[in-house]
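Worksheet: the structure to be examined is printed underneath.
Remember, it's 1-based here, ligands and their atoms both numbered in the order they're listed. Residue numbers run from 1 in the order of the sequence given. None of the values given here were measured: they were computed from a predicted structure. Side-chain atoms are counted along with the backbone in the values below, which use heavy atoms only and exclude waters and symmetry mates.
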Amino acid sequence: MAFELTIVVPVLNERDNIGLLVDRLEATLAGIDWEVVFVDDDSTDGTLGVCKSLARKDDRVRFIRRIGRRGLSSACLEGMATSASLYFAVMDGDLQHDETLLPEMLRCLRAGEADLVVGSRYMEDGGSGSGSQSKTRRQISVIGGWFGRLMLKVHLSDPMSGFFMIRAEVFENTVRTVSGMGFKILLDIVASAGKDLRIKELPFVFGPRRHGESKLDTLVLWEFLLLLIQKLVRDVLPARFIMFVIAGSLGAVLHLGVLGLGLRGLGWEFLWAQAAAAAAAMVFNYFLNNLFTYRDQRLRGGRLFMGLVSFSLICSIGAVVNVNIAEAMYRVGWPWWLAGLVGAAIGAVWNYAVSSTLVWRLARRTAAR
Ligand code: GDD
Ligand code: MN
C-alpha cells in the first residue's frame with residue numbers, strides 16, 4: 001500500500017527529537033495517508049535505535065541507515081528515492097520546522113496550485129528566521145539568499161530553506177541533474193528544474209532547537225558557493241573537481257611565494273627553492289582538500305598522515321606527467337602559455353582522479369572495515 005505523502009527527515013544525532021516529531025506529525029496529519037522516512041548518517045547518539053523502535057510500533061515510520069556517508073542533500077534525495085508516494089516533503093528532524101504547515105502545503109499541491117511549496121522564514125507577510133539561529137547563521141542565510149537570487153535567478157524569499165513539499169514528478173525530473181552535494185537541497189532542485197516549475201511560498205516561524213546542536217557550521221557557506229558555481233557551469237564539471245582546482249590554484253600562489261622567498265630572500269639555489277616550494281604547496285593542498293573538497297570524508301589521526309604520504313606521491317607523478325607533456329608541446333612549436341596550461345590541466349585531472357579514489361575513498365573503505 002502506497003502512501004500519499006512521504007516526509008523525508010535527514011537526521012544526525014537527533015535522538016531526543018524524533019519521537020516528539022512523530023507524535024506531532026500524527027497529531028497534525030490526521031486524516032492524511034502519510035509516512036515518515038528518517039535518513040540517518042550513522043549517528044553516534046543512538047538515533048538509529050530510536051528509529052528502529054518507532055518503526056516497530058508504527059508502519060508509517062521507516063528509516064534508512066547510511067554508513068560512511070554524510071550530507072544533508074544526498075540524504076534527502078535518497079529518502080525520496082525510496083518512496084512511491086505522490087508527494088514528498090522534506091523537513092528537519094530537530095523540531096525547528098513548523099509541522100502544522102504540512103496540511104496546507106499538501107492542499108496546494110493537491111489542488112494543482114503549485115509543483116513545489118516552500119516554507120519561508122523571510123516572507124514580507126509573516127514568517128520569521130529568528131528562532132534560535134546565531135547571528136552568523138542568519139547572515140549566511142541572508143547573503144546566500146541574495147546570491148541565489150542574483151546568480152540563479154531563483155525567485156524565492158528563502159532559497160536556503162530546508163522545509164518544502166514537492167510533487168513526486170519534480171523529483172523524477174530533476175534527480176539526474178541535482179548535484180546532491182552540500183546542504184542546499186531546495187536551491188539545487190529549483191535550479192535544476194528550470195523555469196517551468198510553479199512555486200508557492202508559505203510563511204512560517206523557524207522555531208528554537210529543543211535538544212542537541214546544529215550540525216551546519218560556517219564551512220557550509222563554502223559548500224554553498226560551490227553549488228552555485230556548479231549550477232553556473234551547468235554541471236559540466238563535477239563540483240569536487242572545481243574545488244580541487246581552486247585549492248590547486250591557491251597552492252600555486254603559495255608555491256611562487258616560497259620559491260621567491262627561497263631564491264631572493266634566502267639565497268638558495270633554484271633547485272632547492274623549487275623543491276621546498278613544491279613540498280609546501282603539496283602539504284598545503286592536501287590539508288585544504290581534506291578540509292574542504294573532501295569535507296564529508298575528512299581523514300583524521302593516523303589516516304591523515306597516510307593520506308598526506310599517498311597524496312604527495314600521486315601529485316609528484318602528476319607533476320612529472322605535467323612537465324613532460326608541456327615540454328613536448330613546447331618543443332613542437334606550441335606557444336609557451338598554451339603548452340604550460342595543457343600540462344597543468346592534464347596534471348590536475350590526474351591528481352584529482354587518482355587522489356579522489358586512492359587517497360580519500362580508499363582510506364574511508366579501510367576505516368569502515
Ligand atoms: N542524514 C544527515 N546527514 N542529516 C543531517 C546532516 C547530515 O550530514 N547534517 C544535518 N543533518 C540533519 C540534522 O539532524 C537536522 O535534522 C537537519 O539535518 C538540519 O540540520 P541542523 O543542524 O539542525 O541545521 P540548522 O538548523 O543549522 O539549519 C537550518 O537552516 C538552514 C538554512 O540556513 C535547516 O533548516 C536547514 O535545512 C537549512 O538549510
Ligand atoms: Mn536545526
Kindly confirm or rule out an N or O of D94 lying under 3.5 angstrom from an N or O of ligand 1.
-> yes
At a 4.0 Å threshold, what atoms of ligand 1 neighbour a non-hydrogen atom of Q96?
-> 23 (O), 26 (O)
Can you list the atoms of ligand 1 that are under 4.0 Å from a heavy atom of R209?
-> 21 (P), 22 (O), 23 (O)
Per-atom contacts of ligand 1 with A75, taking only distances under 4.0 Å to non-hydrogen atoms = 1 (N)
Mark yes when over 12 heavy atoms from residues, nucleotides or ligands other than E169 sit less than 6.0 Å from its CD; otherwise mark no.
-> yes
Please round to the nearest 0.5 Å and tell me the distance separating atom CG of L254 and atom CG of L256.
-> 9.0 Å
Is R65 paired with D40 through a side-chain N to carboxylate O contact shorter than 4.0 Å?
-> no
Taking both backbone and side-chain atoms of F206, is any N or O found less than 3.5 Å from an N or O belonging to ligand 1?
-> no
Shortest non-hydrogen contact between K184 and M160, atoms and distance = NZ-O, 3.2 Å
For ligand 1, which atoms sit closer than 4.0 Å to a heavy atom of R121?
-> 30 (O), 32 (C), 33 (O)
Are any of the N or O atoms of D92 closer than 3.5 Å to those of ligand 1?
-> yes
CE of M306: more than 12 outside heavy atoms within 6.0 angstrom?
-> no
Say whether R70, considering both its backbone and side-chain N or O atoms, lies within less than 3.5 Å of an N or O atom on ligand 1.
-> yes
With a cut-off of 2.8 Å, does any N, O or S atom of D94 fall short of it relative to the Mn ion (ligand 2)?
-> yes
If two hydrophobic side chains count as joined below 4.5 Å and joins carry through other members, does V359 share a cluster with I317?
-> yes
Logged contact type for L12 with ligand 1, heavy-atom cut-off 4.0 Å, is both
Side chain to side chain donor-acceptor pair (under 3.5 Å) test vs W360 passes for just one of N289, N290, D296, namely N290
Look only at the side chain of S43 and the backbone of D45, and say whether a donor-acceptor pair between them is shorter than 3.5 Å.
-> no
Check each atom of ligand 1 against the heavy atoms of G71 and keep those under 4.0 Å away; list them by number with element.
-> 3 (N), 7 (C), 8 (O)
Would you tell me whether E14 and H211 have side-chain atoms, one donor and one acceptor, within less than 3.5 Å of each other?
-> no
Run the numbers for me: atoms of ligand 1, each under 4.0 Å from some heavy atom of D41, listed by number.
-> 1 (N), 2 (C), 3 (N), 7 (C), 8 (O)
So for H97 against ligand 1, with non-hydrogen atoms under 4.0 Å, the contacting part is side chain
